[in-house]
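Working notes for the structure below.
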Protein chains: 2
Amino acid sequence: MAKSIRKKLTERVTITDVAHTAGVSKTTVSRYLSGQYHILSENARNRIQEAIRELNYRPNQMARGLKQDRSYLIGMVIADITNPFSTAILRGAEDVCKQRGYSIMVCNTDNDPAKEREYIFMLQSRRIDGLLINTTGRNNQFLRQLAEEHTAIVLVDRKVPELGLDTVGVDNELSTKEAIRFMINRGYEQIAFFTEPLEGVSTRQERANAFKDILIQYGFPVADLYEADLQQAEPLLKQLERFLESSREGKRAIFAANGVILLKLIHALKHKGLRIPDDVAIAGFDEMEWTDLIGPGITTVSQPTYQIGVTAMERIFRRLEGDHSPSQNIAFAGKLIIRGSTPSVKGL
Amino acid sequence: MAKSIRKKLTERVTITDVAHTAGVSKTTVSRYLSGQYHILSENARNRIQEAIRELNYRPNQMARGLKQDRSYLIGMVIADITNPFSTAILRGAEDVCKQRGYSIMVCNTDNDPAKEREYIFMLQSRRIDGLLINTTGRNNQFLRQLAEEHTAIVLVDRKVPELGLDTVGVDNELSTKEAIRFMINRGYEQIAFFTEPLEGVSTRQERANAFKDILIQYGFPVADLYEADLQQAEPLLKQLERFLESSREGKRAIFAANGVILLKLIHALKHKGLRIPDDVAIAGFDEMEWTDLIGPGITTVSQPTYQIGVTAMERIFRRLEGDHSPSQNIAFAGKLIIRGSTPSVKGL
DNA sequence: GGAATTTATGGAATCGGTTTCATGAAATCG
DNA sequence: CGATTTCATGAAACCGATTCCATAAATTCC
């Protein structure tokens, strides 16, 4: 009887309920919800407003999205969510989304192409409007598919030229060259470059190539480019030892291709009882909250991470608004922050 | 004509398309999608599978969710997404969600109740099934409303007793007492406690109270409890100076109530040219990737952050599965990691 | 002052799935 | 062998919004 009907009715408040209590049709309420106030009478507007308040109504986004073929959802696929670099980007991206009423769904892949694929499928099922991805580069086929379904995709940090998508990141060549040139000018005679495996990751490749180029340009031998797999600590330690054995104290320096490997290297140096910069100088990509606190301060290349997130998300919205211009590669300048970990070599 | 029809048809592949090409009804396809294989003939199963593959079909989660009144979405409202503490929890939560086919929507509030409220409304519109929240404590009314609409809510880190919700965090009293007691036993005669403003945040209050309790228990005066607003750097610096002026080198120590303030304090000490631990000893909550690298290493209270995220999310799913048992407060033990920043006082 | 236009509104179809219920065929039973 | 149960399937209603189209009333036009 009445009791059970009421129960059913109050279970979830729908647009129909609002229409009833306001004494208008669903259509009119819908118009109110989408902000088309100018075609509503003041009377209707007020009564709807009152009804919504009274019933504490919140429109169902799934119903809305279904009909409009829009989810107001952006996917963000990140290799490692605990990496401060990633979260700074996320922060920027999130701020832009919030402002527009979009929400971000985070997906953590651990650089695993299989996980990445699963997430792409899931996001596809959710009909995301946009995707911001730090890709493994192994699921290009599926990304292309997504792009064909009108999802606006922006690659962050890592490029995949064959996809022809917008990318946002830092100018790796420029920044790496600036940093290595700086170290050469400071008098270091042997510089090692440590990176995670290059295969398939454009960012790492660009930095490694810039390193090689600049060494060649200055007539240095390119002997110390180390690709370390960080899953196990051993390889990195071994490679570090190899470098230290082959080089002379006071004349050598290490450059880390990103913040993760920079941290690992500093750990390894501490573990071996080596001092910065006396035993070895060090610098690397990614400014982090602790880089000025360790020893004499670590020289780093700072990326405008928040800005990268903001810009990437803005490109997504530009695309969603119908911009069909050719894809852009947006590269911000990195900033070299010089600290005590890379002093001038004695005797210069 | 045919062309335009085809275009329309291939625009988005729907369950109807799959049904047609497989030569069965939507109902049958739906059963396949929800894994009810046992009631399908092998023939139908194969043809549907083939059709899905051929058309590259992905079911629309919005349509699904609309009918089922389930979004398979979990909201995660965080005060500061760039805080490593938060992302570690997110990581744990995300892993659990992925496994169950749920997705997480991240919301960054900056500890702003207004932003938090906006997010709660948005998440409500999306009909999230669960919410994991690090709340400002200023939107209890809306959280209660959400809970009434069958959203499973778990409070992380910060409690709000009046809401009667599940909470997951660390045992603040126990860990704080252990840490302060340790410092007292090491011979420090004056210990300062630095925290962000206590008002409304249970975690901070619990830690501050534990600090006071243990000092009283040991017969120390409670003179140095500093509430610093971190928005501007000044207050913290002033308070730090006040403490340093009132205390004696070699006999004093600082305890930071969380990782953020710990970092700020270390920065401030460096800024003032003070050495750890010679000029002042320091310890604090939250183990971070750099705490063992700064100076002699910083003594910290480590929280099982990943585990907190996993546990919180598991409680959400337990609730979604229909568990109506009384609410739980789950408190993990923190772990005191002793490092060089808190050596024994000379002469002990 | 009647025709044409504008304005405010609502009925009904629709989005893409799930779920209820009905049905015909095959299998099991006494 | 007829009655009953099981099995595989599909038609149609439904979830909660938006949107197309129709319509009555009010306004403007000549």
Side-chain angles (χ1 to χ4, degrees), chain A residues 8-48 51-52 55-73 101 124-127 129 149-150, chain B residues 8-48 51-52 55-72 101 122 124-127 129 149-150:
Chain A
K8 187 79 185 255
L9 283 178
T10 56
E11 195 83 64
R12 289 275 195 199
V13 179
T14 73
I15 198 173
T16 308
D17 301 327
V18 175
H20 281 161
T21 72
V24 298
S25 73
K26 285 165 60 178
T27 311
T28 305
V29 178
S30 174
R31 287 200 254 266
Y32 176 91
L33 293 177
S34 54
Q36 306 175 50
Y37 302 124
H38 54 288
I39 55 172
L40 295 182
S41 68
E42 200 179 316
N43 183 265
R45 191 162 67 240
N46 291 335
R47 295 173 63 176
I48 292 171
I52 288 178
L55 297 175
N56 197 21
Y57 168 73
R58 308 252 183 276
N60 183 327
Q61 276 293 349
M62 288 187 287
R64 212 176 241 231
L66 176 60
K67 177 66 182 177
Q68 295 187 139
D69 199 23
R70 277 207 155 201
S71 60
Y72 299 96
L73 243 32
Q124 207 166 4
S125 251
R126 296 206 182 265
R127 300 293 188 264
D129 295 334
E149 287 173 11
H150 314 114
Chain B
K8 187 75 186 259
L9 283 178
T10 56
E11 196 83 62
R12 289 276 195 198
V13 179
T14 74
I15 198 173
T16 309
D17 302 327
V18 174
H20 282 160
T21 71
V24 298
S25 73
K26 284 165 62 178
T27 311
T28 305
V29 178
S30 175
R31 288 201 251 267
Y32 175 91
L33 292 176
S34 55
Q36 306 176 51
Y37 302 124
H38 55 287
I39 55 173
L40 295 181
S41 68
E42 199 178 317
N43 183 266
R45 191 162 65 240
N46 291 336
R47 295 172 65 175
I48 293 171
I52 287 177
L55 298 175
N56 196 22
Y57 168 72
R58 309 252 182 275
N60 183 327
Q61 277 292 348
M62 288 187 286
R64 208 176 246 228
L66 176 59
K67 177 65 181 178
Q68 294 187 140
D69 199 22
R70 278 211 154 198
S71 60
Y72 298 96
M122 172 188 280
Q124 205 167 6
S125 251
R126 296 206 183 267
R127 301 291 188 265
D129 295 334
E149 287 173 13
H150 314 114

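A note on names: the letters A, B, ... follow the listed sequences, proteins ahead of strands, and every chain is numbered from 1.
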For dG10(D) and S25(B) - does any side-chain N or O of the residue sit under 4.0 Å from the phosphate oxygens OP1/OP2? yes

When rounded to whole Å, the CG to P distance for the pair L33(A) and dT18(D) reads 6 Å

OP1 or OP2 of dA17(D) less than 4.0 angstrom from a side-chain nitrogen or oxygen of Y72(A), does that happen here? no

Value in whole Å for how far the C1' atom of dT20(C) lies from CD of Q68(B): 15 Å

Taking CG from N60(A) and P from dC14(D), how many angstroms apart are they, rounded to a whole number? 18 Å

Phosphate contact (dT9(D) OP1 or OP2) by S41(B) side-chain N/O below 4.0 Å: yes

note: K67(B), atom NZ; dG16(C), atom P; distance rounded to Å ~ 16 Å

If you assign V24(A) and T27(B) each to the DNA chain C nucleotide with the nearest heavy atom, which residue ends up on the more 5' nucleotide? V24(A)

Phosphate oxygens OP1/OP2 of dG16(D): is one of them under 4.0 Å from a side-chain N or O of T14(A)? no

Review item, side-chain donor-acceptor pairs of residues 58-66 of chain A, under 3.5 Å, at least two apart:
residue: R58(A); atom: NE; partner: Q124(B); partner atom: OE1; Å: 2.8
residue: R58(A); atom: NH2; partner: N56(A); partner atom: OD1; Å: 3.2
residue: N60(A); atom: OD1; partner: M62(A); partner atom: N; Å: 2.7
residue: N60(A); atom: OD1; partner: A63(A); partner atom: N; Å: 3.3

Atom-pair distance (CD1 on I39(B); P on dT19(C)), nearest Å: 11 Å

Between Q36(A) and D69(B), which has a closest nucleotide on DNA chain D that is more 5'? D69(B)

Is there a side-chain polar atom (N or O) of T28(B) under 4.0 Å from OP1 or OP2 of dG10(D)? yes

Between the CD1 atom in I52(A) and the CG atom in D17(A), the distance rounded to the nearest 0.5 Å is 11.5 Å

Partners of Y57(A) by ring-ring contact (aromatic ring centres under 6.0 Å, His included), sequence neighbours excluded? none

Nearest-Å distance for atom pair CZ/P, residues R70(B) and dT18(C): 14 Å

dT9(D), OP1 or OP2 - any side-chain N/O from Y32(B) closer than 4.0 Å? no

Could you state the CD1-P distance from I52(A) to dA17(D), rounded to the nearest angstrom? 10 Å

Between the CZ atom in R47(A) and the OG1 atom in T21(A), the distance rounded to the nearest 0.5 Å is 9.0 Å

Between S71(A) and R127(A) (side chain of the first, backbone of the second, donor and acceptor by atom type, cut-off under 3.5 Å), is there such a pair? yes

Applying side chain to side chain contact (heavy atoms under 4.5 Å, CB included) between R31(A) and each of I39(A), I48(A), V24(A), report the one that passes. I39(A)

Closest nucleotide of DNA chain D for A63(B) versus for R45(B): which of these residues is on the 5' side? R45(B)

Non-hydrogen atoms of K26(B) and A19(B) that approach each other most closely: N-CB, 3.7 Å

Counting side-chain heavy atoms from CB outward, which of dT9(D), dT9(C), dG16(C) is closest to L40(A)? dT9(C)

What's the closest nucleotide to the side chain of R64(A) if the choices are dG16(D), dA17(D), dG17(C)? dA17(D)

Expressed in angstrom and rounded to an integer, what is the separation of I48(B) atom CD1 from dG17(C) atom P? 13 Å

Side-chain donor-acceptor contact under 3.5 Å, T27(A) with S30(A): no

What does the inter-axis angle of the helix from dG1(C)-dC30(D) to dG30(C)-dC1(D) come out as, five pairs per end, nearest 10 degrees? 40°

Would you say the base of dG10(C) and the side-chain of R31(A) have a donor-acceptor pair closer than 3.5 Å? yes

